[in-house]
K.L.:
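Have a look at the structure that comes next, please.
We're numbering straight along the sequence, starting at 1. Order of listing sets the numbers, starting from 1, for every ligand and every atom in it. Computed from a prediction, not measured in an experiment: that's the story for all the values here.
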Amino acid sequence: METTLIILKPDAVQRGLMGRIISRFEDKGLQVVGAKMMTISQELAATHYEAHKERPFYAGLVGFMTSSPVLVLAIRGVGAIGISRSMMGATFGSKADAGTIRGDFGVSNSFNLIHGSDSPEAAERELGLFFGAGEVQNWDRKIEGWVYDLSGGKPE
Ligand code: IDP
Ligand code: MG
């Protein structure tokens, strides 16, 4: 099982898209194990996006991400990191395929609705940035045996 860090960005919250985006993850069979509404501080945005510090869009990105509340989610499942990235679609709303979150709900390249960790290392780092100890709930999902084939002893 992987757990990934998803952020519904300020545009998703302001546009009233939180429910529909969360529903996509739940409909897919992924499990929500953490959820927190917050306004991201300058410091946290800078740390989260430190890999992009030298990019021309960095200042605008930090300004956007700190401008209004976000909803931070921890999403779990087999292959959850890659599955979530494919559900999000390409970075730019103008390029993202129909059927993806960015492709269906937005047209902007910088206001692109959602962040998702892009590797296991990034997921571990980002979950640690946004969730404190005990804030991710390791809850037992009673339908697990219908979401996954558990007959072999591990989720397939
Ligand atoms: P990702 O969110 O699809 O992983 P990254 O390349 O990691 O994309 O970029 C992080 C975020 O920075 C994007 O989600 C987007 O909000 C913003 N961004 C990336 N490239 C550009 C750009 O060329 N112009 C404006 N904003 C950008
Ligand atoms: Mg990225």
K.L.:
With a 6.0 Å cut-off on the ring centroids, do Tyr58 and Tyr49 count as close?
P.N.:
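Ring centres of Tyr49 and Tyr58 not closer than 6.0 Å.
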K.L.:
What pair of heavy atoms forms the shortest contact from Ile75 to Val32, and how long is it?
P.N.:
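Nearest heavy atoms, Ile75 then Val32: CD1-CG2, 3.9 Å.
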K.L.:
Between Asp11, Val62, Leu61, Leu113, flag the one that comes closest to atom 11 (C) of ligand 1 by a heavy atom.
P.N.:
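Closest candidate by heavy-atom distance is Leu61.
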K.L.:
Does Lys36 have more than 12 heavy atoms from other residues, nucleotides or ligands lying within 6.0 Å of its NZ?
P.N.:
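Yes, enclosed.
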K.L.:
In the protein, what heavy atom is nearest to atom 24 (N) of ligand 1, and what distance, to one decimal place, separates them?
P.N.:
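Atom 24 (N) of ligand 1 sits closest to the protein heavy atom Phe57 CB, 3.8 Å.
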K.L.:
Return yes or no for this condition: an N or O of Thr91 is under 3.5 Å from an N or O of ligand 1.
P.N.:
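Yes, at least one N or O pair falls under 3.5 Å.
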K.L.:
For Arg102, is the nearest heavy atom under 4.0 Å from an atom of ligand 1?
P.N.:
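So Arg102 counts as touching ligand 1.
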K.L.:
Report yes or no: does a heavy atom of His52 sit under 4.0 Å from some atom of ligand 1?
P.N.:
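For ligand 1, residue contact (heavy atoms, under 4.0 Å) with His52 is present.
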K.L.:
Does Asn112 have a non-hydrogen atom less than 4.0 Å from ligand 1?
P.N.:
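Asn112 counts as a contact of ligand 1 under the 4.0 Å cut-off.
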K.L.:
Of Ile7, Ile6, Leu17, which meets side chain to side chain contact (heavy atoms under 4.5 Å, CB included) against Ile114?
P.N.:
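With Ile114 as partner, Ile7, Ile6, Leu17 yield a single side chain to side chain contact (heavy atoms under 4.5 Å, CB included), made by Ile6.
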K.L.:
For atom CH2 of Trp146, decide whether the heavy atoms of other residues, nucleotides or ligands shown that lie under 6.0 angstrom number more than 12.
P.N.:
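Open.
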K.L.:
Does any N or O atom in Asn109 lie less than 3.5 angstrom from one in ligand 1, N or O only?
P.N.:
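No, there is no polar N/O contact under 3.5 Å.
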K.L.:
Please confirm whether Phe92 approaches ligand 1 to less than 4.0 Å, judged on its heavy atoms.
P.N.:
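Under 4.0 Å: yes for Phe92.
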K.L.:
Give the ring-plane orientation class for His115 versus His48, where under 30° counts as parallel, over 60° as perpendicular and anything between as tilted.
P.N.:
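Correct class here is perpendicular.
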K.L.:
Contact between Arg55 and ligand 1, counting heavy atoms under 4.0 Å?
P.N.:
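Flag not set, Arg55 not near ligand 1.
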K.L.:
Examine ligand 1 and decide if any of its atoms is less than 4.0 Å from a heavy atom belonging to Arg85.
P.N.:
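Judged by the 4.0 Å heavy-atom criterion, Arg85 does count as contacting ligand 1.
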K.L.:
Starting from atom 16 (O) of ligand 1, find the nearest protein heavy-atom neighbour and note its residue, name and distance.
P.N.:
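Closest protein heavy atom to atom 16 (O) of ligand 1: Lys9 NZ, 3.0 Å.
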K.L.:
Assigning hydrophobic clusters by single linkage (Ile, Leu, Val, Met, Phe, Trp, Tyr; side-chain heavy-atom cutoff under 4.5 Å), is Tyr148 placed with Val33?
P.N.:
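Result: no, two separate clusters.
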K.L.:
Can you tell me if Glu124 has over 12 outside heavy atoms packed within less than 6.0 Å of its CD?
P.N.:
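Open: at most 12 neighbouring heavy atoms sit under 6.0 Å from CD of Glu124.
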K.L.:
Find all atoms of ligand 1 within a distance of less than 4.0 Å from any non-hydrogen atom belonging to Ser110, and give their numbers and elements.
P.N.:
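Those qualifying, in numeric order: 16 (O), 25 (C), 26 (N).
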